[in-house]
Chemist: 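Here's a structure for you.
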Amino acid sequence: MLTAILLTIWAIVCIFDILGPTVIMGFRPLIAGTGAGIIVGDVNLGMAIGATLELAALGVYTYGGATIPDYQTGAIIGTALAAAGTGDLAAKAAVGLTIGLPAAILLASLDPIGRFLPTFWIHRADGYAAEGNSGGLTLMHWTAFIPWAAVRAVPTFLAALAGTTAGVQSLQNDIPKWFVDGMTLTGAILPAVGFAMLLKIMPVGRYWYMLLIGFVLFSYLKVPLLGIALFGVAIAFMFVTLKPRAAVGPSAPAAPAAPASGEAV
């Protein structure tokens with residue numbers, strides 16, 4: 001019960017982090033999965049599931065209020081249920097993806113509910129604003145978050161509460177091997193799909209040489225991915241720092257020099 005409550009609170013924190021001031025990037029699947037791994041006592045499992053879903057979510061963004069798969073909550077649910085399974089890290093991660101990925105897609109159907117219900121709070125807040133009731137306006141501002149949290153907290157709590165060791169092991173045994181193998185393959189393909197979607201919206205044609213540098217580092221110099229990422233951060237800082245800055249707007253005229261002492265004005 002305590003684990004289910006903690007996971008539910010963590011799911012609420014993760015969605016609040018994207019709606020409020022972003023502090024811990026909890027809305028990213030990697031952070032959400034890692035936090036869930038800490039709660040269930042298996043950090044490596046949470047990071048493995050979260051990282052896989054993070055790579056799948058790299059090129060997916062909610063433009064104009066569009067609904068996308070709820071990858072961060074899927075990472076939490078997948079980690080919570082996979083932790084009760086058996087086998088090594090790879091076997092548990094496969095079970096976590098088997099549960100987490102469909103959960104992320106199904107939870108997308110609840111997202112419009114979480115977006116729609118705050119409309120009632122908004123209309124009530126309009127009334128308080130017209131009355132000059134700042135206390136009521138503040139109350140509406142904070143409680144309008146409830147629907148956003150509920151559509152993620154309730155499924156997380158029910159899944160974590162139902163995820164007993166015996167139940168998950170039974171589910172793990174009942175899942176056909178071909179399905180687990182298929183989800184494992186999907187987990188391997190998803191990062192490539194995520195990167196492809198991300199590259200689609202990036203100016204690759206203009207900065208193609210950056211991809212070439214990364215390819216050489218990985219394929220020929222055998223640099224780990226973390227090293228390539230740090231190398232990319234360094235190049236980005238150099239690029240931004242050394243790039244000439246264009247003047248914004250017309251140059252202001254120089255102020256006239258002050259007359260010398262004793263000179264007629």
Chemist: Find out whether Leu158 and Val154 are in side-chain contact, i.e. whether some heavy atom of one side chain is under 4.5 Å from a heavy atom of the other.
Modeler: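 In contact.
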Chemist: Is Asp17 reaching over with its side chain to a backbone N or O of Met25, donor-acceptor style, under 3.5 angstrom?
Modeler: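 Yes; judged by distance alone, with no hydrogens or angles, the pair exists.
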Chemist: Between Leu230 and Val240, is there a shared hydrophobic cluster once you connect ILVMFWY residues whose side-chain heavy atoms come closer than 4.5 Å?
Modeler: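 Leu230 does not cluster with Val240.
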Chemist: Measuring from Tyr71:OH to Ile49:CD1, what's the distance to the nearest 0.5 Å?
Modeler: 15.0 Å
Chemist: A quick test of your reading: do over 12 heavy atoms of other residues, nucleotides or ligands sit less than 6.0 Å from CZ of Phe237?
Modeler: no
Chemist: Hydrophobic clusters here meaning ILVMFWY residues chained together by side-chain heavy-atom distances under 4.5 Å, can you tell me if Leu225 and Val223 are in one?
Modeler: yes
Chemist: So which heavy atom on Ile15 is nearest to which on Gln72, and how close?
Modeler: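 Reported closest heavy-atom pair: CD1-NE2, 4.3 Å.
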Chemist: Which pair of heavy atoms, one from Pro147 and one from Trp121, lies closest together, and at what distance?
Modeler: CG-CZ3, 3.7 Å
Chemist: Suppose we screen for ring-ring contact (aromatic ring centres under 6.0 Å, His included). Which residues come up paired with Phe116, at least two apart in sequence or across chains?
Modeler: Phe120
Chemist: Find out if a path of hydrophobic residues (ILVMFWY) with successive side-chain heavy-atom gaps under 4.5 Å connects Leu117 to Ile122.
Modeler: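 Leu117 and Ile122: separate clusters.
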Chemist: For Asn133 and Leu137, run side-chain contact (heavy atoms from CB on, under 4.5 Å): C-alpha distance rounded to whole Å, both residues' side-chain angles, the deciding distance at 0.1 Å, then the answer.
Modeler: CA-CA 6 Å; Asn133 187 343; Leu137 190 62; over 6 Å; no
Chemist: What's the separation between atom CG in Leu53 and atom CG in Leu101, rounded to the nearest 0.5 Å?
Modeler: 6.5 Å
Chemist: At their closest point, which heavy atom of Ile76 faces which heavy atom of Cys14, and how far apart are they?
Modeler: CD1-SG, 4.2 Å
Chemist: List for me each residue that meets ring-ring contact (aromatic ring centres under 6.0 Å, His included) alongside Tyr207, sequence neighbours excluded, and say none if there are none.
Modeler: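 Tyr207 satisfies ring-ring contact (aromatic ring centres under 6.0 Å, His included) with Phe239 only.
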Chemist: For the CD1 atom of Ile235 and the CE atom of Met238, what is their distance to the nearest 0.5 Å?
Modeler: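 Taking CD1 in Ile235 and CE in Met238, the distance rounds to 7.5 Å.
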Chemist: Taking atom OG1 of Thr79 and atom CG of Asn44, what is their separation to the nearest 0.5 Å?
Modeler: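 That separation rounds to 11.5 Å.
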Chemist: Quick check for you: to the nearest 0.5 Å, what is the distance between Met140 atom CE and Asp126 atom CG?
Modeler: 11.5 Å
Chemist: Would you say that Val151 contacts Leu107 through its side chain, given a criterion of any heavy-atom pair below 4.5 Å between the two side chains?
Modeler: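 No - every pair of side-chain heavy atoms lies 4.5 Å or more apart.
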Chemist: Over all heavy atoms of both residues, which pair between Leu7 and Thr156 is shortest? Give the atoms and the distance, please.
Modeler: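 Looking at all heavy atoms of both residues, the closest pair is O-CG2, 3.8 Å.
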Chemist: Just by modelled atom types, is the Phe16 backbone N or O under 3.5 Å from a matching donor or acceptor in the Trp148 side chain?
Modeler: no
Chemist: State the OG1-CD1 distance between Thr34 and Ile38, to the nearest 0.5 angstrom.
Modeler: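 So the gap between those two atoms works out to 7.0 Å.
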Chemist: Taking all non-hydrogen atoms of both residues, which atom of Gly26 and which atom of Ala32 are closest, and how far apart?
Modeler: O-CB, 3.7 Å
Chemist: Taking all heavy atoms of Pro155 and all of Leu110, pick out the closest pair and write down the distance.
Modeler: CG-CD1, 3.9 Å
Chemist: According to a 4.5 Å side-chain heavy-atom criterion applied to Ile, Leu, Val, Met, Phe, Trp and Tyr, with indirect links allowed, do Val13 and Leu6 form part of one hydrophobic cluster?
Modeler: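 Looking at the clustering, Leu6 is in the same group as Val13.
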Chemist: With a 4.5 Å cut-off on side-chain heavy-atom distances among I, L, V, M, F, W and Y, is there a chain of contacts connecting Trp142 to Ile12?
Modeler: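 Same cluster.
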Chemist: Considering only distance and modelled atom types, tabulate donor-acceptor pairs under 3.5 Å from the side chains of residues 212-219, sequence neighbours left out.
Modeler:
unit_1: Ser219; atom_1: OG; unit_2: Phe215; atom_2: O; d: 3.3

